[in-house]
Amino acid sequence: MEDIANIRDNKKIGFAFPGKLAYESFLEDKKIIYIFGNSFELYNKDKRKKIFYEFDFNNIDLESLGINIPDIRKEINNWSTLWTRWVGESYRYEVFREKAIFHISKIIISLYKLNISCIVFHTSVAHHFDSFCIYNACKLLKIPCIYLYSIVVNGDLLPLIQTSTIESRKPLGENISNTKYELIIQNFITNLKDKKPPQTNPKRNKINTNFYLSIFFLFYLEIKHITYKILFKVPKNKFYNEHNFLSKLNMLFEQRKYIKYYRKLEIEKPNITNSLESPKLIIFAHYQPEATTMPEGGDYISHVDVILSLRLKGYKDKIYYKEHPASLMYLYEMENKISDITRVGIHRYKEYLNTLKEIGCEFVSQKFKVENYNSSNILPVTICGGIALERSLEGLRTIIFGQPWFKNIPGIIHVDSINSFKDINPEWLLPDYQIEKNAKIWLERTLSQKTITNRLKIGSENPFIKKANFKETQDELNNLFDILKKYYLD
């Protein structure tokens with residue numbers, strides 16, 4: 001740590017996990033520290049120097065940091081759903097937790113000695129082990145985190161600032177680009193009215209939904225992964241062992257049994273009368289495991305939790321459940337290449353449906369379209385689903401349980417504001433022009449001149465981006481960091 005012994009006198013901004021374009025954009029900026037899973041990089045003597053985290057207890061007063069080990073462990077336990085996605089060998093979870101606690105402690109010491117005042121994450125949300133560790137260290141040191149969130153409207157990046165838990169997250173609200181959103185939002189709404197899914201959504205096809213092809217690709221990816229590790233001598237992950245081949249194979253079989261059972265139970269046309277007197281709730285499920293439920297769900301990361309909460313708040317009627325179309329996909333694609341299985345089998349299995357049946361759910365098919373029931377008595381419920389944003393733009397209300405970036409748009413009703421579901425307000429079921437009008441205004445004000453062109457490929461491959469946008473992305477990223485420097489360094 002001698003390289004940073006005297007650096008605390010100068011405040012710095014961290015940039016966590018920068019991709020190639022972002023890395024090259026600030027390569028010679030001494031005020032920006034690159035943060036990675038096991039190390040950070042300083043600009044020193046005309047080059048970036050990598051320094052690994054270490055537990056430097058001799059040169060720092062650890063008491064002054066206020067590191068609370070139970071708080072670190074509690075946060076690791078709270079994120080257990082994330083670990084089931086990546087961490088194999090559950091019998092070694094305590095070993096994993098202990099290593100993680102020690103690693104986060106080392107990161108805390110480094111961030112303190114570097115005098116980091118805020119960190120920009122080259123991702124939409126912390127949802128991997130490395131980004132979680134950085135987030136957790138920031139949370140304990142009260143360092144603001146800025147995430148570059150890929151928005152469903154057009155795939156561009158909206159900076160979100162988070163000062164504590166996910167509940168504190170909100171749009172940064174600073175002008176950093178020249179992009180106006182009035183026409184973009186109108187095109188997004190037109191696409192919805194044409195009954196087409198957002199262009200940024202994952203696409204199902206005959207390959208990624210074929211069970212037998214998924215087994216073939218699993219073999220192929222496993223051989224490719226092992227070969228790559230041998231040829232390039234990739235070091236072993238020192239924190240945890242990934243799910244092995246047999247574990248992933250079991251996920252595929254669990255997912256297949258789930259899909260077959262769901263299709264056996266599903267109904268195409270639920271018997272719903274066009275009446276405001278007896279509102280019907282329908283759960284629009286999430287594609288899991290994904291960040292939209294963990295960590296964006298906040299206190300609600302499971303549909304079982306959501307449905308039980310509805311019952312505990314007095315809702316007695318049947319609850320309809322519609323599965324997310326991406327849950328039918330076995331294979332995950334990135335930049336039009338199959339890179340992994342979706343791991344849906346971790347969260348979807350036959351017993352899951354039996355639990356929902358026992359709670360009083362009825363399952364509707366993919367052919368069911370809620371827009372065909374807009375004038376009836378259906379009220380959608382979701383954790384953080386984009387359907388809530390879409391409905392607001394059409395003047396319709398939606399109940400949410402989570403903490404999406406658009407949670408303050410008119411038309412959204414958070415479950416915490418509802419004391420009881422015994423009597424649902426009939427007005428919640430009716431289209432409202434004021435909601436439609438104000439939602440468009442809110443969205444345009446939130447996005448216009450406040451996004452970054454997504455040449456960084458965060459979240460997904462943006463279908464609207466062209467190579468000509470390369471410099472535009474750099475300029476907007478520079479504008480963001482210039483604003484952060486004025487606010488956090490001056």
Side-chain angles (χ1 to χ4, degrees), residues 17 36-39 52-53 55 69-107 123 125-137 211 214-258 287-291 293-295 297 301-302 304 327 330-332 334 338-352 355:
F17 318 105
F36 298 99
N38 295 312
S39 63
F52 290 95
Y53 302 125
F55 195 73
I69 298 304
D71 283 349
I72 298 177
R73 178 176 282 272
K74 181 179 179 181
E75 198 73 4
I76 292 171
N77 291 336
N78 287 343
W79 286 58
S80 61
T81 302
L82 185 66
W83 314 138
T84 58
R85 180 182 184 181
W86 303 115
V87 183
E89 301 178 349
S90 60
Y91 68 91
R92 289 179 55 84
Y93 268 27
E94 181 53 27
V95 175
F96 160 71
R97 279 189 286 262
E98 289 172 349
K99 287 183 176 181
I101 290 169
F102 183 46
H103 185 61
I104 292 168
S105 298
K106 292 194 289 185
I107 295 174
T123 185
V125 65
H127 62 295
H128 291 83
F129 175 73
D130 50 8
S131 55
F132 162 79
C133 289
I134 305 298
Y135 149 76
N136 198 354
F211 172 70
S214 71
I215 294 178
F216 166 78
F217 275 104
L218 179 59
F219 272 100
Y220 165 74
L221 292 169
E222 191 71 12
I223 293 170
K224 180 181 176 182
H225 179 64
I226 292 172
T227 304
Y228 181 84
K229 288 176 68 175
I230 294 173
L231 290 178
F232 295 94
K233 298 180 181 178
V234 178
K236 183 180 179 181
N237 186 324
K238 66 179 182 179
F239 296 104
Y240 61 86
N241 292 326
E242 246 274 23
H243 289 289
N244 59 31
F245 172 80
L246 291 178
S247 179
K248 292 180 181 179
L249 185 64
N250 187 55
M251 292 177 200
L252 291 175
F253 276 97
E254 289 291 343
Q255 184 181 1
R256 185 184 187 224
K257 287 189 288 186
Y258 171 82
Y287 168 42
Q288 293 176 291
E290 271 299 328
T293 49
M294 181 67 214
I301 59 176
S302 161
V304 173
S327 295
Y330 295 101
L331 297 169
Y332 178 79
M334 181 178 290
I338 294 170
S339 60
D340 196 2
I341 65 169
T342 58
R343 311 187 186 210
V344 169
I346 295 175
H347 290 269
R348 297 292 187 273
Y349 41 89
K350 189 174 179 179
E351 293 87 345
Y352 171 79
T355 299

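Residue indices begin at 1 and follow the sequence shown. As a basis for the values below, the full set of heavy atoms in this structure was taken, side chains included, without hydrogen atoms, waters or symmetry mates.
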Output yes when a side-chain donor or acceptor of [X] lies under 3.5 Å from a complementary backbone atom of [Y], and no otherwise.
X: Gln255; Y: Ser327; answer: yes
X: His103; Y: Gly37; answer: yes
X: Tyr258; Y: Lys350; answer: no

Distance (rounded to the nearest 0.5 Å) between [X] [atom1] and [Y] [atom2]:
X: Phe96; Y: Ile101; atom1: CZ; atom2: CD1; result: 10.0 Å
X: Ile223; Y: Leu218; atom1: CD1; atom2: CG; result: 10.0 Å
X: Leu82; Y: Ile301; atom1: CG; atom2: CD1; result: 9.5 Å
X: Ile134; Y: Ile107; atom1: CD1; atom2: CD1; result: 4.0 Å
X: Cys133; Y: Ile76; atom1: SG; atom2: CD1; result: 7.0 Å
X: Ser90; Y: His243; atom1: OG; atom2: NE2; result: 9.0 Å

### Query
What residue pairs, at least two apart or across chains, pass salt bridge (charged side-chain N to carboxylate O under 4.0 Å, His left out) with a residue in residues 219-233?
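Residue pairs passing salt bridge (charged side-chain N to carboxylate O under 4.0 Å, His left out), neighbours aside: none found.
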### Message
By the salt bridge (charged side-chain N to carboxylate O under 4.0 Å, His left out) test, which pairs, at least two apart or in different chains, include something from residues 92-105?
### Response
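Of all non-adjacent pairs touching residues 92-105, those that pass salt bridge (charged side-chain N to carboxylate O under 4.0 Å, His left out) are Arg73-Glu94, Glu89-Arg92, Glu94-Arg97.
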How far apart are the closest heavy atoms of [X] and [Y], and which atoms are they?
X: Ala126; Y: Ser131; value: CA-OG, 3.5 Å
X: Ser105; Y: Ile69; value: OG-CD1, 3.9 Å
X: Pro295; Y: Val125; value: CG-CG2, 3.5 Å
X: Glu75; Y: Tyr135; value: OE2-OH, 3.1 Å
X: Ile346; Y: Arg85; value: CD1-CA, 3.7 Å
X: Tyr330; Y: Ser214; value: CB-CB, 3.5 Å

### Query
Taking everything shown except Tyr220 itself, do over 12 heavy atoms lie less than 6.0 Å from its OH?
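Open: at most 12 neighbouring heavy atoms sit under 6.0 Å from OH of Tyr220.
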### Message
Is it the case that atom CZ in Phe211 sees more than 12 heavy atoms from other parts of the structure closer than 6.0 Å?
### Response
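Correct, the count exceeds 12.
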Report the residues that fulfil side-chain hydrogen bond (donor to acceptor under 3.5 Å, both in side chains) with [X], sequence neighbours left out, ordered by chain and then residue number.
X: Glu242; value: Arg343
X: Trp83; value: none
X: Glu351; value: none

Do [X] and [Y] have side chains that get closer than 4.5 Å, going by heavy atoms?
X: Val344; Y: Tyr332; result: no
X: Val87; Y: Phe129; result: no
X: Ile341; Y: Phe217; result: no
X: Asp340; Y: Lys248; result: yes
X: Asp130; Y: Phe36; result: no
X: Met251; Y: Glu254; result: no
X: Thr293; Y: His347; result: no

### Task
Assess whether ring pair (Phe, Tyr, Trp, His ring centres under 6.0 Å) is satisfied between Trp79 and Phe132, documenting all intermediate values.
CA-CA 9 Å; Trp79 286 58; Phe132 162 79; 4.9 Å; yes
### Full working for side-chain contact (heavy atoms from CB on, under 4.5 Å) between Thr84 and Tyr93
CA-CA 10 Å; Thr84 58; Tyr93 268 27; 4.1 Å; yes
### Message
Assess the residue pair Leu221 and His225 against the criterion (side-chain contact (heavy atoms from CB on, under 4.5 Å)); give the C-alpha distance rounded to whole Å, side-chain angles, the decisive distance to 0.1 Å, and a yes or no.
### Response
CA-CA 6 Å; Leu221 292 169; His225 179 64; over 6 Å; no
### Task
Would you sort out whether Asn38 and Lys238 count as a side-chain contact (heavy atoms from CB on, under 4.5 Å), showing the intermediate values?
CA-CA 10 Å; Asn38 295 312; Lys238 66 179 182 179; 4.0 Å; yes
### Query
What residues, two or more places apart in sequence or in another chain, satisfy side chain to side chain contact (heavy atoms under 4.5 Å, CB included) together with Asn244?
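Checked Asn244 against side chain to side chain contact (heavy atoms under 4.5 Å, CB included); matches are Leu246, Ser247.
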